Amino acid sequence: MSIGLARLREEPDRIRQGAIDKGEDPSVVDAALALEGKRRQLLGDSDSLKAERNVASRRIGDAIRAGAAPNGPEVVVLRQASTDAGARIETLNAELAATEAELEELLLRIPNPADPDVPVGDASANQVVRTWGAPLPKDQPRDGGGTWPRRPHWEVAETLRMLDLERGAKITGSGFPVYTGQGSRLQRALIDFMLDVHTAEHGMTEIWPPALVNAASARGTGQIPDKEDLMYVVPRDGLYLVPTAEVPVTNFHRNEIFETDELPVRYVAYSPCFRREAGAAGKDTRGILRVHQFDKVEMVFFEKPEASTEALEWLTGRAEVILQRLGLAYRVLLMATRDMGFVQAKKYDLEVWAPGVERWLEVSSCSNFRDYQARRMAIRYRPEPGAKPELVHTLNGSGVALARTVAAILETYQQPDGSLLVPEALQPYMHTDRVAR
RNA sequence: GGAGAGGUCGCCUAGUGGCCUAGGGCGCCGCACUGGAAAUGCGGUAUGGGGCAACCCAUCGAGGGUUCAAAUCCCUCCCUCUCCGCCA
């Protein structure tokens, strides 16, 4: 379940409109409402029959303890009453189970309504809310006059022996890049740099999660059943390779209740990410813009509901800090309802400028899920000490994904002589200010 | 991988078919006593669902089964601990 039944009953109109805005079928909302009514009816009937049966059973126990014969007339009558109730319960429960299964099916098809400030429409309605830095031109003025053309990242990397796509294809398959030499060190440097900034400066707690998760976790964040095709599966052990650290880190607190003073809880996690990218064949085949395995530093927040709106802005800003320190030009997009995804309430994408391929590359996606994800995973908190638990709000965002950031660095910091300047922020980690042949 | 022992209300623990409507201790909250505290006493202290409410239903690792009735008996699975094997 993702949309809450209470909310479904209380504000069906808003949920219906939310479905329409996201391009989903709104009639599902009414079908779910009808089934919910049926469910409550059946549940009430079943519960009162169970109460009857419990009373009868208790009386049998009392009678026997008081000295009645276990097969005496008094007990036989009671036993019959209990058996009869049991039979009717079984009939009702079968119907109830079918109803609940059907209802759950429908609820999974109701999207999380977008926040009121999200533009309605498809990708063309996405708004650029701000840009930072100036996108470099492909043709760069040369000191002595004229221009030189910036090369795409795969050419820069190959010249400097930082990347080996062919051997990656040999040992695993296409889309599994091998980073070599200073390329490998650049990976480590970026991971280290990002984790250091988010922990030491932004106060997040570092998590180093497993790279495989079980089915319950995959279900928790909605990877299955919806997106099973996107994941690598290990059927023999019933495990899934993580497509993002969001999956293990959000599930970290599945079925838990935070105490009042524990929130917010803010994690940052590095993990490799594995994506089959089925259906994307032919797109971005060159270089490392779309690969099956990449590395990412991910931020995952658990917030009090009243704080989540502001938390999304802060979260997005923390990802921006990384790009700013790396000196990469980027823009922030507020995603429109039909382009933001089924489960997000509000989402910003960060796109970095890659002057070699002359494209904006998505390196981060920062989302507020409100209580939608938390409901599926039963992650709650107590608003006051001793109060009834309520669902937390969850947020996450990349801070940031490596492969495309590496591409942007290679294309932004390449020099006319073929060497690469190391961004100042990375120099302490790379132990050099320049990579040359 | 093999053998054994376990998984009970935040923590520890009692519980071998009905007196379990899960008992006790610790912790926590409230009240009383106190100048204030400690100690002590009394009461309260899980989650989900249904009901206007009184209250009812479900949950003793998970899921099935036997029974009028399951924490308790049976089956399957998961996890933890100890020992052995293997291994970075």
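Only a predicted model underlies this, so the values are computations on that prediction, with no experimental measurement involved. In the text below, chain A, chain B and the rest are named by the order of the sequence lines, each starting its count at 1.
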Spacing of the [atom1] atoms in [M] and [N] (rounded, Å):
N: B:A70; M: B:G18; atom1: P; answer: 11 Å
N: B:U45; M: B:G10; atom1: P; answer: 13 Å
N: B:A22; M: B:U13; atom1: C1'; answer: 12 Å
N: B:G41; M: B:C52; atom1: P; answer: 43 Å
N: B:A32; M: B:G25; atom1: C1'; answer: 23 Å
N: B:C11; M: B:U47; atom1: P; answer: 13 Å
N: B:C81; M: B:G61; atom1: C1'; answer: 15 Å
N: B:C33; M: B:A46; atom1: P; answer: 27 Å

Shortest non-hydrogen contact from [X] to [Y]?
X: A:Glu262; Y: A:Val265; answer: O-CG2, 3.4 Å
X: A:Gly418; Y: A:Leu160; answer: O-CD2, 3.6 Å
X: A:Asp349; Y: A:Ser365; answer: OD1-OG, 3.0 Å
X: A:Arg382; Y: A:Ala387; answer: NH1-O, 3.2 Å

Heteroatom pairs (N/O) under 3.5 angstrom, protein to nucleotides 76-79 of chain B:
none

Is the shortest side-chain N to carboxylate O distance from [X] to [Y] below 4.0 Å?
X: A:Glu11; Y: A:Arg7; value: yes
X: A:Arg370; Y: A:Glu303; value: no
X: A:Glu105; Y: A:Arg109; value: no
X: A:Asp30; Y: A:Arg16; value: yes

Can you tell me the distance, in whole Å, between the [atom1] atom of [X] and the [atom2] atom of [N]?
X: A:Asp261; N: B:C28; atom1: CG; atom2: P; value: 15 Å
X: A:Leu42; N: B:G49; atom1: CG; atom2: P; value: 18 Å
X: A:Leu5; N: B:G49; atom1: CG; atom2: C1'; value: 10 Å
X: A:Gln41; N: B:G50; atom1: CD; atom2: P; value: 13 Å
X: A:Ile60; N: B:G17; atom1: CD1; atom2: P; value: 18 Å
X: A:Glu259; N: B:G27; atom1: CD; atom2: P; value: 18 Å
X: A:Glu384; N: B:C29; atom1: CD; atom2: C1'; value: 14 Å

* Starting at the 5' end of RNA chain B, which residue's closest nucleotide do you reach first, A:Arg9 or A:Gln80? -> A:Arg9

* Structure fact -> Walking RNA chain B from its 5' end, the first of A:Leu78 and A:Arg40 to be reached, judged by nearest nucleotide, is A:Arg40

Provide the Watson-Crick or G-U wobble partner of [N], both distances under 3.5 Å; none if there is no partner.
N: B:G4; answer: B:C81
N: B:C73; answer: B:G65
N: B:U59; answer: B:A46
N: B:C86; answer: none
N: B:A14; answer: none
N: B:A54; answer: none
N: B:A22; answer: none
N: B:C31; answer: B:G41

Quick one about [Y] and [X] (side-chain donor to acceptor, distance below 3.5 Å, no hydrogens or angles considered), yes or no?
X: A:Asp21; Y: A:Gln17; result: yes
X: A:Asn214; Y: A:Ser217; result: yes
X: A:Gln373; Y: A:Gln344; result: no
X: A:Glu298; Y: A:Tyr270; result: no
X: A:Tyr381; Y: A:His393; result: no
X: A:Lys346; Y: A:Ser367; result: no

Review item, nucleotides 61-65 of chain B N/O atoms under 3.5 Å of protein N/O:
none

So which protein nitrogen or oxygen atoms get under 3.5 Å of nucleotides 46-48 of chain B's nitrogens or oxygens?
residue: B:U47; atom: OP1; partner: A:Arg382; partner atom: NH1; Å: 2.7
residue: B:U47; atom: OP1; partner: A:Arg382; partner atom: NH2; Å: 3.4
residue: B:U47; atom: O3'; partner: A:Arg380; partner atom: NH1; Å: 2.8
residue: B:G48; atom: OP1; partner: A:Arg380; partner atom: NH1; Å: 3.3
residue: B:G48; atom: OP2; partner: A:Lys388; partner atom: NZ; Å: 3.4

* To do: Give a yes or no on whether the ring-centroid distance for A:Tyr267 and A:Phe301 is below 6.0 angstrom.
  => no

* Close aromatic pair by centroid cut-off 6.0 Å: A:Phe258 and A:Phe302 -> yes

* Separation between CG of A:Asp339 and NZ of A:Lys347, rounded to the nearest 0.5 Å -> 7.0 Å

* Report the residues that fulfil side chain to side chain contact (heavy atoms under 4.5 Å, CB included) with A:Asp62, sequence neighbours left out, ordered by chain and then residue number. => A:Arg65

* For RNA chain B, find the residues of residues 88-96 of chain A with a heavy-atom distance under 4.0 Å and give them by number; none if there aren't any. => none

* Asked: How is A:Leu43 classified with respect to the nucleic acid when contacts are heavy atoms under 4.0 Å: base, sugar-phosphate, or nothing?
  -> sugar-phosphate

* Looking at A:Arg59, does any N or O in its side chain come under 4.0 Å of the phosphate oxygens OP1/OP2 on B:A69? -> no

* Structure fact -> Counting primed atoms, P, OP1 and OP2 as sugar-phosphate and everything else as base, the B/S/- map of nucleotides 52-58 of chain B against protein heavy atoms under 4.0 Å is ----SSS

* To do: Find out whether A:Leu420 and A:Met162 are in side-chain contact, i.e. whether some heavy atom of one side chain is under 4.5 Å from a heavy atom of the other.
  => yes

